[in-house]
Structure formats: structure tokens, C-alpha cells
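Report on the structure given below.
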Amino acid sequence: MAPMRVTVIGCAGSFPGPESPASCYLFEAEGFRLVIDLGNGSLGVLQRYAELYGIDAICLSHLHADHCVDLGAYFVARQYAAHGPKPAIPVHGPRGTAERIAGFGGEDVTSVTARFAFHDLDPGTVEIGPFRVTCDHVNHPVETFGFRVEHEGWQVAYSADTGETDALVRLARDTDLLLCEASFLDGPDNSPNLHLTARQAAEHAARAGVGQLVLTHLVPWNDQDCTLAEASAIYGGPLSLARSGLVLSPG
Ligand SMILES: [Zn+2]
């Protein structure tokens with residue numbers, strides 16, 4: 001059986017950058033395609049890696065625009081498809097997701113719920129296609145979920161947006177790979193309970209004992225060499241920066 005594959009579609013933090021859309025990750029296994037987050041610009045790049053109507057399920061970590069706004073664009077694509085509207089696919093997100101997505105285009109909520117079957121996320125584990133998906137609340141100003149996605153024993157954790165939190169360490173415990181946000185660099189002006197510095201991301205990875213750390217949600221104005229340097233001083237395992245098009249798989 002082919003192993004799970006994760007493709008970084010978008011890894012720019014907080015808004016799209018010149019080299020990457022905002023947050024979006026494509027998880028594939030057994031012909032099933034799960035997209036986690038659909039930030040600004042991601043629907044375009046996603047089509048390089050998956051057929052427009054080939055997405056089977058979507059998870060949204062939270063309802064900040066840089067993680068969900070392109071679900072509004074995807075609604076348009078499914079609603080006004082060439083040969084009629086496409087059937088609803090599952091969307092797992094925080095409470096209020098349908099209203100948020102409808103609001104982007106001034107749509108009735110009933111229009112949006114005809115194209116997407118919304119499921120409220122709660123801390124715990126759900127099966128989505130071939131994936132076992134565990135989520136928990138992380139530390140961000142709006143309700144936000146981090147994830148652990150498992151298939152055939154390969155485990156990938158994704159921080160979403162978060163300040164420091166033991167929940168991320170629990171989600172990432174002994175996983176093969178942690179996709180962890182590193183929005184900030186060390187400094188006196190970072191707001192607490194919002195985002196991680198690269199050093200804090202590395203501390204969470206080290207505490208969780210992850211097999212590999214990929215830093216993501218990289219804000220375009222940060223110096224990427226500084227991001228790597230901060231993290232490598234703390235985390236001694238395989239460490240890299242996400243980029244759009246990066247494919248991650250076991251081995
Ligand atoms: Zn956010």
C-alpha cells in the first residue's frame with residue numbers, strides 16, 4: 001500500500017508571500033485527498049497537485065482568513081461548476097465555519113451547506129477517509145485546533161497557529177514529523193498566546209520527541225536563516241523550512 005504523502009501547498013505566515021500562498025497542506029493516502037487549511041491563494045496552487053474536484057475532505061484549524069478564506073473560493077468553484085453544482089464534501093472546522101465561509105461571498109448559509117457538509121471539531125479522534133485524525137485546542141486568540149494525522153503507522157502533527165502550549169506537545173508526542181509554526185523570531189515585542197518563535201517551536205518539538213521538524217507559517221518579512229538558526233540551537237533532529245511544493249513521506 002502506498003504510504004501517506006503530505007504536500008505543502010502554502011506555508012506563508014499570516015498572508016501570502018511571493019513564493020507561497022498562506023497555509024494549506026494536502027494529505028494523500030489510498031487515493032483519498034484531505035486538505036488541512038485553505039488560506040489565501042492556496043486554491044490556485046493546490047490545483048498543481050490535485051484535480052479541482054478531486055478533494056475528498058477538508059479540515060480547518062481555525063477561522064482566521066489566512067487559514068480558511070479560499071474555502072469561499074472553493075465554494076464558488078463547486079457551486080458554479082461547468083456541468084452543475086458538485087456534491088457536498090465534508091468540512092471539519094470550528095463552530096461557526098459555515099457562517100464564516102458564507103460571509104466571504106455574502107452567500108446564504110444554506111447555499112454553503114448545500115456544497116459542504118460541515119462537522120464541528122471537538123478535541124478527540126475522528127476517522128476521515130483512511131486517516132486517523134486527532135485534534136486538540138491550541139493557544140490562539142480564536143478557537144484553534146492542532147492536528148495529528150496518522151496512516152499506516154506514520155504520524156504527522158500540525159501545530160496550526162499557536163502560542164506556547166502543552167497541547168501541542170501531547171499532539172506531537174513521538175510523531176514522525178511535526179509541521180510547526182514559527183511565525184516569530186526571538187525578541188521583546190512578541191505578543192504572548194498568539195504564535196511561536198522558531199526557538200519555541202524547536203522546544204515543543206524536542207519535548208515531544210518528534211522524528212523530524214519542519215517549520216512553517218513563515219512570515220515573509222522574517223530572515224529565514226535566523227529562523228533556522230534559532231531552531232537548530234534547540235532541536236537536534238532533522239530540521240528544515242517548509243516551502244510550497246515540498247513533499248513529505250515516510251523514509
Ligand atoms: Zn491565526
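Counting convention: from 1, in listed order, for ligands and their atoms alike.
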### Neighbouring protein N, O or S atoms of the Zn ion (ligand 1) [cut-off: under 2.8 Å, no waters]
H62 NE2, H64 ND1, H140 NE2, D161 OD2

### Query
Taking atom types as modelled, is there a side-chain donor on D161 or H64 under 3.5 Å from an acceptor on the other?
no

### Set of residues satisfying salt bridge (charged side-chain N to carboxylate O under 4.0 Å, His left out) with respect to R199, sequence neighbours excluded
D186, E203

### Summary
Hits for side-chain contact (heavy atoms from CB on, under 4.5 Å) against D108, two or more places apart or cross-chain, chain-then-number order -> T110, S111

### Query
Run the salt bridge (charged side-chain N to carboxylate O under 4.0 Å, His left out) check on R148 and D174 step by step: do they pass?
CA-CA 11 Å; R148 181 175 64 236; D174 297 329; over 6 Å; no

### Query
Crowded around R173 CZ? As in, over 12 foreign heavy atoms under 6.0 Å?
yes

### Partner residues of D120 under the side chain to side chain donor-acceptor pair (under 3.5 Å) criterion, sequence neighbours left out
none

